[in-house]
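Written out below as structure tokens is the structure these notes cover.
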Protein chains: 2
Amino acid sequence: MSKIHDVAKRANVSIATVSRVVNPGRHKVNPETAEKVRAAVKELNYRPNALARALQMKKSMTIGVIIPDISNHYYAEIVGGIQGVADKAGYNIILQNTDRDPDQIVKSIYLLREKIVDGIIFSGGTINGYEPLSALKELRDRVVVIGRHDVDFPAIMVDNIAGATLAVEHLIELGHSRIGLIGWSENSTTAKDRLSGYKNALAQNSYPYDQSLICQGSLTPESGYNQAKILLSRENRPSAIFAGNDQMAFGAVYAAIEMGLRVPEDLAVIGFDNIPLSSFFVPPLSTIAVPMSELGSDSMETLIGLIAGEQVARIKLHKTKLIVRKSTLSK
Amino acid sequence: MSKIHDVAKRANVSIATVSRVVNPGRHKVNPETAEKVRAAVKELNYRPNALARALQMKKSMTIGVIIPDISNHYYAEIVGGIQGVADKAGYNIILQNTDRDPDQIVKSIYLLREKIVDGIIFSGGTINGYEPLSALKELRDRVVVIGRHDVDFPAIMVDNIAGATLAVEHLIELGHSRIGLIGWSENSTTAKDRLSGYKNALAQNSYPYDQSLICQGSLTPESGYNQAKILLSRENRPSAIFAGNDQMAFGAVYAAIEMGLRVPEDLAVIGFDNIPLSSFFVPPLSTIAVPMSELGSDSMETLIGLIAGEQVARIKLHKTKLIVRKSTLSK
DNA sequence: ATGAAAGCGCTAACAC
DNA sequence: GTGTTAGCGCTTTCAT
């Protein structure tokens with residue numbers, strides 16, 4: 001692989017001149033000389049070494065993305081959104097999977113710092129501890145988080161409370177009063193917010209909050225299935241279920257059908273996320289649409305602003321939308 | 001951010017010594033000195049600059065992954081598999097999305113070369129042209145492809161022909177003779193292979209190959225829905241449909257139900273891929289399981305072998321598996 | 001407009 | 001066992 005030196009020799013100029021034509025704009029260079037250099041570049045198939053350049057410029061044009069798991073649809077969409085704007089701006093992204101493991105998270109941050117990333121986008125898992133925070137400190141002005149984290153970085157969030165309220169109010173309007181909730185981990189702020197929205201909607205309509213209607217899955221269809229089975233075999237079972245995400249909603253529908261209940265006639269089910277398959281489910285699933293890809297693109301735009309030294313909003317809240325399909329048709 | 005020089009000063013040693021304790025193994029260093037250095041490292045929160053190290057060592061511990069689209073489940077799983085083994089081996093991955101656009105592919109390769117990646121894993125889209133091939137040339141011994149590409153790099157593949165044969169033979173055993181196929185682009189070797197498997201199964205059972213049973217979708221549920229509608233409104237409609245992937249199979253089931261056909265009683269449907277949701281579909285979808293994550297991990301293992309200068313297999317074929325669920329129960 | 005040379009932060013000969 | 005020094009390939013003053 002040829003280096004700047006080779007090109008300089010070939011074009012009979014100094015390496016400084018080569019650098020100037022390879023990075024146009026900052027300095028003038030004689031058009032003829034430039035042409036000679038460009039010819040040499042082409043002949044030698046020269047490509048500047050980004051490592052060397054980054055070392056010198058203290059700018060790697062690389063950003064780090066820390067997520068729990070890329071094979072999870074939600075994060076894949078986010079990363080897709082990040083990629084889209086990163087590409088256009090000339091940034092590359094280094095991916096770090098953490099499985100939400102605090103040690104992994106800390107390790108990832110250190111690793112990205114070693115690789116001299118220009119910034120970090122963090123999503124999923126928690127970042128509140130002393131370790132991750134102090135590790136992130138050195139990049140303080142170049143970090144954006146997706147989701148609520150109670151830390152002092154610009155945050156891109158989904159209005160989960162409003163979304164959940166939307167879902168449950170929809171169910172209430174349909175005439176349901178006993179509404180089951182399949183939530184998940186108490187450690188997740190997202191889960192907590194969706195639960196809050198559920199409670200809000202009940203309170204606004206003066207319905208009691210009944211603990212026996214609440215259970216916890218783990219975001220998988222399997223867990224939705226299991227929890228729905230439990231919920232539906234109680235006496236005085238709910239006539240509607242609000243599942244914390246579409247995956248669990250699918251599991252819940254499946255459980256209902258297996259138990260001889262019809263959806264939506266005997267049980268209404270609504271999910272959260274609006275994954276692509278939800279409209280092709282049988283019955284098509286009502287849900288709350290979350291603009292995942294936008295979360296990603298917005299976070300990258302924010303990071304770019306941060307890197308440019310701009311003032312950026314402390315919080316950006318993205319709206320959700322109620323999508324009514326067959327799984328919650330009239331009671 | 002502190003540099004090796006700061007640590008050296010703090011510990012009252014030379015930078016060479018610091019380097020030696022930071023990268024243990026190669027050289028001996030007095031335990032006491034080492035301890036002093038480690039203390040200084042900790043106090044200054046020193047982290048070696050990976051860029052500088054990579055520049056010197058000509059090894060970045062970073063590999064490039066080129067795929068069409070990370071928000072596609074298939075590629076997300078592959079990348080997940082790659083990540084898993086990359087992490088353990090100390091590699092980071094830089095992601096490049098191409099949308100299968102040849103220009104983007106070439107650009108991605110150049111970009112990764114500039115970033116001095118230690119290797120590249122390529123999946124999806126085509127790589128046969130002169131441009132991408134010559135761009136890849138400089139990394140010749142450090143490239144592995146996933147899927148069939150008729151190029152001289154180690155390839156990790158799925159036995160799509162055998163898988164499709166499996167699917168169609170299953171349908172034939174069930175008594176179906178008119179079996180529709182929803183395929184996709186003729187440019188895709190995967191699509192071609194799955195079509196070949198379909199033809200093989202028919203031939204082995206002396207069934208005719210009827211062009212009117214073949215149509216092309218685009219891997220989305222929408223397209224599966226549309227194509228199934230066409231197939232099912234022909235007179236002498238098929239009694240079974242083999243869809244090129246699960247997404248299209250979902251669409252096909254949906255179309256059938258909309259047309260008043262029962263699945264599997266009036267129409268059997270089988271997909272391909274075995275995405276997680278397929279077992280929670282209503283009815284649960286029969287399909288051919290593809291070990292996507294394994295494809296990723298295997299490709300990374302192969303690349304690591306390549307980097308280590310080992311001899312690696314030219315081709316590794318991964319087996320598929322027939323998963324029978326309700327969507328193809330007896331005719 | 002162009003070249004010489006310093007230096008980005010690190011590793012690895014090579015001396016001692 | 002430890003220090004000195006020469007690069008890795010590039011960008012960027014500073015001269016000219």
Side-chain angles (χ1 to χ4, degrees), chain A residues 1-38 40-41 44-62 90 110-118 138, chain B residues 1-38 40-41 44-62 90 110-118 138:
Chain A
M1 245 163 87
S2 45
K3 335 176 285 157
I4 197 169
H5 200 85
D6 305 326
V7 178
K9 213 179 270 179
R10 190 102 153 103
N12 253 309
V13 296
S14 73
I15 61 170
T17 300
V18 175
S19 176
R20 286 180 190 118
V21 353
V22 170
N23 311 92
R26 317 180 61 75
H27 284 274
K28 287 239 166 301
V29 41
N30 187 313
E32 283 179 31
T33 330
E35 201 39 64
K36 267 197 312 187
V37 172
R38 270 190 291 271
V41 165
L44 296 176
N45 194 21
Y46 167 74
R47 294 260 135 191
N49 180 324
L51 255 35
R53 171 184 278 162
L55 182 60
Q56 163 71 15
M57 311 240 293
K58 293 173 175 311
K59 184 133 181 37
S60 62
M61 294 307 285
T62 303
Y110 278 128
L111 242 152
L112 292 173
R113 248 187 60 195
E114 287 182 20
K115 296 247 169 169
I116 317 295
V117 293
D118 294 337
E138 319 236 354
Chain B
M1 246 162 87
S2 45
K3 335 175 287 158
I4 197 170
H5 200 84
D6 306 325
V7 178
K9 212 180 273 179
R10 189 106 154 101
N12 254 309
V13 296
S14 74
I15 62 169
T17 300
V18 176
S19 176
R20 286 182 190 117
V21 355
V22 170
N23 311 92
R26 317 179 62 76
H27 285 275
K28 287 238 166 299
V29 40
N30 186 313
E32 284 178 31
T33 329
E35 201 38 64
K36 268 196 308 184
V37 172
R38 270 190 291 270
V41 165
L44 296 176
N45 194 19
Y46 168 74
R47 294 260 133 191
N49 180 323
L51 256 34
R53 171 185 277 162
L55 182 60
Q56 162 70 17
M57 311 241 292
K58 293 171 176 312
K59 185 134 178 38
S60 62
M61 294 308 283
T62 303
Y110 277 128
L111 242 152
L112 293 174
R113 248 187 59 197
E114 288 181 20
K115 295 248 169 169
I116 317 295
V117 293
D118 294 337
E138 319 235 354

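Just so it is clear, the values below take in all heavy atoms, side chains as well, and ignore hydrogens, waters and symmetry mates. In the text below, chain A, chain B and the rest are named by the order of the sequence lines, each starting its count at 1.
Residue-to-nucleotide contacts include no donor-acceptor pair under 3.5 Å from the side chain of Gln56(A) to the base of dG9(D). Residue-to-nucleotide contacts include no donor-acceptor pair under 3.5 Å from the side chain of Arg47(B) to the base of dG9(C).
Spacing between atom CD1 of Ile15(A) and atom C1' of dG9(D) amounts to 8 Å, rounded to whole angstrom units. Rounded to whole Å, atom C1' of dG7(D) lies 15 Å from atom CE of Met57(B). Look at CG on Asn12(A): it is 13 Å from P on dT2(C), rounded to the nearest Å. Protein atom CG of Asn23(B) is 7 Å distant from nucleotide atom P of dA12(C), rounded to whole Å. Rounding to whole angstrom units, CG of residue Asp6(B) and C1' of dC10(C) are separated by 13 Å. Atom CD1 of Ile4(B) and atom P of dT5(D) are 16 Å apart (whole Å). Here the P atom of nucleotide dG1(D) and the NZ atom of Lys36(B) are 15 Å apart, to the nearest Å. Rounded to an integer number of Å, the gap from CG of Asn30(B) to P of dG3(D) is 11 Å.
Where Lys3(A) and Val29(B) meet DNA chain D, the nucleotide closest to each residue was compared, and Val29(B) sits on the side nearer the 5' end. Each of Met1(A) and His27(A) was assigned the nucleotide of DNA chain D with the nearest heavy atom; the assignment lying further toward the 5' end belongs to Met1(A). Nearest-nucleotide positions on DNA chain C place Asn49(B) closer to the 5' end than the other of Asn49(B) and Arg20(B).
In this structure, the nucleotide among dC10(C), dG3(D), dG9(D) sitting nearest to the side chain of Arg53(B) is dC10(C). Distances from the side chain of Leu55(B) to the nucleotides dG9(C), dT11(C), dT12(D) place dG9(C) closest. Listed candidates were dG1(D), dC10(D), dT5(D). Nearest to the side chain of Lys28(B) is dG1(D). The side chain of Ala16(B) sits closest to dT4(D) out of dG9(D), dC10(D), dT4(D).
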Would you sort out whether Lys36(B) and Val13(B) count as a side chain to side chain contact (heavy atoms under 4.5 Å, CB included), showing the intermediate values?
CA-CA 9 Å; Lys36(B) 268 196 308 184; Val13(B) 296; 4.3 Å; yes

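For the atom pair NZ (Lys58(B)) and CG (Leu51(A)), the distance works out to 10.0 Å, reported to the nearest 0.5 Å.
Counting all heavy atoms, side chain and backbone alike, Pro24(B) lies closest to Val21(B) at CG-O, 3.8 Å. Lys3(A) and Tyr46(A) make their closest contact through C-CE1, 3.5 Å (heavy atoms, listed as atom of the first residue, atom of the second, distance).
Within the 4.5 Å cutoff, the side chain of Arg113(B) has heavy atoms near those of the Met1(A) side chain.
Using a 4.0 Å heavy-atom distance criterion, Leu51(A) is classed as making no nucleic acid contact.
A sub-4.0 Å separation between OP1 or OP2 of dT2(C) and a side-chain N or O of Thr17(A) is absent. Close to dT11(D), at under 4.0 Å from its OP1 or OP2, lies no side-chain N or O of Lys59(A). Between dT2(D) and Thr33(B), a contact under 4.0 Å exists linking OP1 or OP2 to a side-chain N or O. A close approach under 4.0 Å does occur between a side-chain nitrogen or oxygen of Ser19(B) and OP1 or OP2 of dT11(C).
Distance alone, capped at 3.5 Å, is enough to place a donor-acceptor pair between the Lys115(A) side chain and the Ser60(B) backbone.
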